[in-house]
Amino acid sequence: MTFSTIPDDRPLRGVIVGAGFIGGQWAPELLLHPGTRLVGWADVEESRAREAADSLGLDDLPVSSSATGLLEGAEPDFIVNCTVPAAHHEVTVAALERGVSVISEKPMAVTFAEAKSMVAAADHAQRLFAVSQNRRHLPGLAAYRRTVAGLGPLGMVSSEFSIPYRGAPFLDTLEHPLIQDMAIHLFDAARAVSGTDPVSVYCESFQPPWTWYPGNCSATAAFEMTGGVRYTFTGSWSAPGFPTSWTGRWQATGTRGAARWDGDATVSVDPAKGETLETYEVGPDPFPGRTRFQGLAEQLEEFVTGLRTGRPPQGECHDNLRSLAMVTAALDSARAGTRVAVPV
Ligand SMILES: NC(=O)c1ccc[n+]([C@@H]2O[C@H](COP(=O)([O-])OP(=O)(O)OC[C@H]3O[C@@H](n4cnc5c(N)ncnc54)[C@H](O)[C@@H]3O)[C@@H](O)[C@H]2O)c1
């Protein structure tokens, strides 16, 4: 992957597309980062963008109902794509085709074919395209990753996700909201923690009788990963009890023992007989005392560094495609009722 860099002689101009929940979390990050300037905000419902900008005291910020209008008028170096997943492809490709780099919210796209065409558009334009997987920046995940690396060759990784949640209205339009919208966080974390990539998957996506979602809000998935590692996922967004963290509850097992993570600040190990294992401290929040959606500032910093130096940030599109493939293959398996190969 190669992408053009931008010299360090001026702030990077950023436009946010999408003024819903997560767009409102990204805007303060562009305002606070010393190397970026927020130069526009688009939303198909233009009044949302205006209200969101005004709520931050940005009365003069240009807003538009069309991302393309701002791509041409505001001359951004990058956009942050905070639209609903169904719009990710259209908005991201429109930016890349105009030579504008992209940070997109997860998931990269709705289908694998769409995602591949987005990566091809980034290659063609030689622009940086990265997907923000904010969990990658959690201090707890970093500590768990280091701890799991000490387990020796891995055999099994599992994560459970149990949250009672009713979120943005677009979730009610999805056939499999848990797998289509949320599971990417856990699947991407499984790749990060295990250092493996997906090979095949068997998935069931279903509704418990008491669910408040029109679609299938619960799922189990069993992945074969490279090296023969098995990763299993169990999750529900209609979970009435024993909630996990928003990054689940984890266990990994290798030849030297097992390691658990509560998805928050607690990592623990249980060594095999005769072994000793190291646990790594969960590091402090690098932005203490600031109310923020965790991981966005870190993702922005890596993205800016990438645009300045050519060093790819985490979530760079070629790598993130492997995580998105876990989602689309899990959906294919759930629909077909059989194990399927994860596409490359
Ligand atoms: N990283 C996280 O933990 C996290 C948390 C929440 C949401 N998200 C992701 O962020 C994205 C948005 O989620 P949300 O909760 O903010 O949704 P939302 O419904 O609150 O906001 C989405 C906004 O996008 C606008 N929009 C839709 N199509 C558009 C288009 N073509 N051009 C411009 N604007 C358009 C809508 O009008 C709406 O204002 C989703 O992909 C979601 O998965 C990530």
Side-chain angles (χ1 to χ4, degrees), residues 15-29 40-53 55 62-72 74 76 79-95 98 100 102-111 114-115 118 130-138 141 161 163 165-174 176-189 192 215 217 235 237 244-248 263 292-300 302-303 313-315 320 323-324 327:
V15 159
I16 296 180
V17 187
F21 168 73
I22 206 76
Q25 309 299 312
W26 271 102
E29 301 301 344
W41 204 334
D43 195 294
V44 278
E45 290 185 43
E46 189 175 318
S47 59
R48 279 196 176 187
R50 184 70 278 154
E51 279 163 29
S55 74
V63 299
S64 173
S65 60
S66 136
T68 44
L70 282 181
L71 285 169
E72 274 143 30
I79 64 159
V80 188
N81 188 348
C82 299
T83 62
V84 295
H88 284 183
H89 179 267
E90 175 201 331
V91 168
T92 289
V93 170
R98 285 165 179 79
V100 175
V102 179
I103 307 179
S104 176
E105 264 304 331
K106 45 58 62 174
M108 184 191 294
V110 173
T111 68
E114 275 183 357
M118 293 154 91
V131 177
S132 174
Q133 299 284 173
N134 65 315
R135 281 15 181 224
R136 288 233 177 188
H137 305 286
L138 296 178
L141 190 137
F161 176 87
I163 298 276
Y165 179 67
R166 185 86 197 241
F170 78 84
L171 293 173
D172 284 352
T173 68
L174 301 180
H176 304 277
L178 184 75
I179 294 288
Q180 286 171 291
D181 190 68
M182 181 64 217
I184 184 83
H185 283 305
L186 286 290
F187 294 176
D188 182 70
C217 62
W237 247 345
T244 63
S245 84
W246 271 90
T247 314
R292 68 189 188 101
F293 196 83
Q294 211 169 16
L296 305 191
E298 293 88 335
Q299 184 69 39
L300 183 62
E302 286 192 11
F303 189 82
Q314 294 191 75
N320 190 258
S323 300
L324 198 269
V327 170

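All of these numbers come straight from a predicted model, not from anything done at the bench. Both ligands and their constituent atoms are indexed starting at 1 by order of listing. Here, residue 1 is the first one in the sequence, and each next residue gets the next number.
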| For atom 13 (O) of ligand 1, which of W41, W26, F170 has the closest heavy atom? | F170
| task | Could you tell me whether a side-chain N or O of K106 sits under 3.5 Å from a main-chain N or O of D181, the two making a donor and an acceptor? | result | yes
| request: Run the salt-bridge test on R50 and D43 with the 4.0 Å N-O cut-off and return the result as yes or no. | output: no
| message | Heavy-atom pairs closer than 4.0 Å: do any link ligand 1 to the side chain of Q299, the backbone, both, or neither? | response | neither
| task | Distance to 0.1 Å, residue and atom name: give those for the protein heavy atom nearest to atom 21 (O) of ligand 1. | result | G20 CA, 3.2 Å
| note | Note: W246, heavy atoms under 4.0 Å from ligand 1, region reported as neither
| field | Contact partition for V17 relative to ligand 1, non-hydrogen atoms under 4.0 Å | value | side chain
| message | Taking 4.0 Å as the limit for heavy-atom contacts, which would you say applies to C82 with ligand 1: side chain only, backbone only, both, or neither? | response | backbone
| request: Determine the minimum heavy-atom distance between M108 and M118, stating which atoms define it. | output: O-CE, 3.1 Å
| task | Could you tell me the residue and atom name of the protein heavy atom closest to atom 11 (C) of ligand 1, and the distance to it rounded to 0.1 Å? | result | T83 O, 3.3 Å
| request: Can you pull out the closest protein heavy atom to atom 30 (C) of ligand 1? Residue, atom name and distance to 0.1 Å, please. | output: V44 CG1, 3.7 Å
| How close do H185 and Q133 get, heavy atom to heavy atom, and via which atoms? | ND1-NE2, 3.8 Å
| request: Answer yes when R136 and D188 have at least one side-chain N-carboxylate O distance shorter than 4.0 Å, and no when they do not. | output: yes
| request: Could you find the nearest protein heavy atom to atom 28 (N) of ligand 1 and give me its residue, atom name and distance? | output: A87 CB, 3.7 Å
| Looking only at N/O atoms, are P107 and ligand 1 under 3.5 Å apart anywhere? | no
| said: Show, in sequence, the C-alpha distance, side-chain angles and deciding distance for R166 and D172, and conclude whether the side chain to side chain contact (heavy atoms under 4.5 Å, CB included) test is met. | reply: CA-CA 9 Å; R166 185 86 197 241; D172 284 352; 2.4 Å; yes
| field | W41 side chain vs G18 backbone, donor-acceptor pair below 3.5 Å | value | yes
| said: Using every non-hydrogen atom in the two residues, find where A53 and V63 come nearest and quote the distance to one decimal. | reply: CB-CG1, 4.4 Å
| message | With a 4.0 Å cut-off on heavy atoms, is P85 in contact with ligand 1? | response | yes
| Does ligand 1 have a heavy atom under 4.0 Å from the side chain of H185, from its backbone, from both, or from neither? | side chain
| Is R98 salt-bridged to E72, cutoff N-O under 4.0 Å? | yes
| query | Counting heavy atoms only, which part of D181 comes closer than 4.0 Å to ligand 1: side chain, backbone, both or neither? | reply | side chain
| request: Run the numbers for me: atoms of ligand 1, each under 4.0 Å from some heavy atom of G18, listed by number. | output: 24 (O)
| note | Closest to atom 23 (C) of ligand 1 among protein heavy atoms sits D43 OD2, 3.7 Å
| Minimum heavy-atom distance F170-P85, with the two atoms named | CE1-CD, 3.4 Å
| query | Has the side chain of E302 got a donor or acceptor atom that lies under 3.5 Å from a matching backbone atom of Q299? | reply | no
| atom 38 (C) of ligand 1 - nearest protein heavy atom and its distance | R48 NH1, 3.1 Å
| Within-shell test, Q25 vs ligand 1, heavy atom, strictly < 4.0 Å | no
| said: Keeping N134 on the side-chain end and L296 on the backbone end, is there a donor-acceptor pair under 3.5 Å? | reply: no
| task | Using a strict 4.0 Å cut-off to heavy atoms of F293, name the atoms of ligand 1 that fall inside it. | result | 1 (N), 2 (C), 3 (O), 5 (C)
| field | ligand 1 versus N134: contacting region, heavy-atom distance under 4.0 Å | value | side chain
| query | Nearest to atom 20 (O) of ligand 1, what protein heavy atom do you find, and at what distance? | reply | F21 N, 3.0 Å
| Taking the six-membered ring for Trp, are Y165 and W237 parallel (under 30°), tilted (30 to 60°) or perpendicular (over 60°)? | tilted
| R135 near ligand 1 by a heavy-atom separation under 4.0 Å | yes
| field | For atom 42 (C) of ligand 1, the option (of H88, E105, K106) bearing the nearest heavy atom | value | K106
| remark: Residue, atom and distance of the protein heavy atom nearest atom 4 (C) of ligand 1 read I22 CD1, 3.7 Å
| request: Consider only side-chain N and O atoms of N81 and T83, and report whether a donor and an acceptor are under 3.5 Å apart. | output: yes
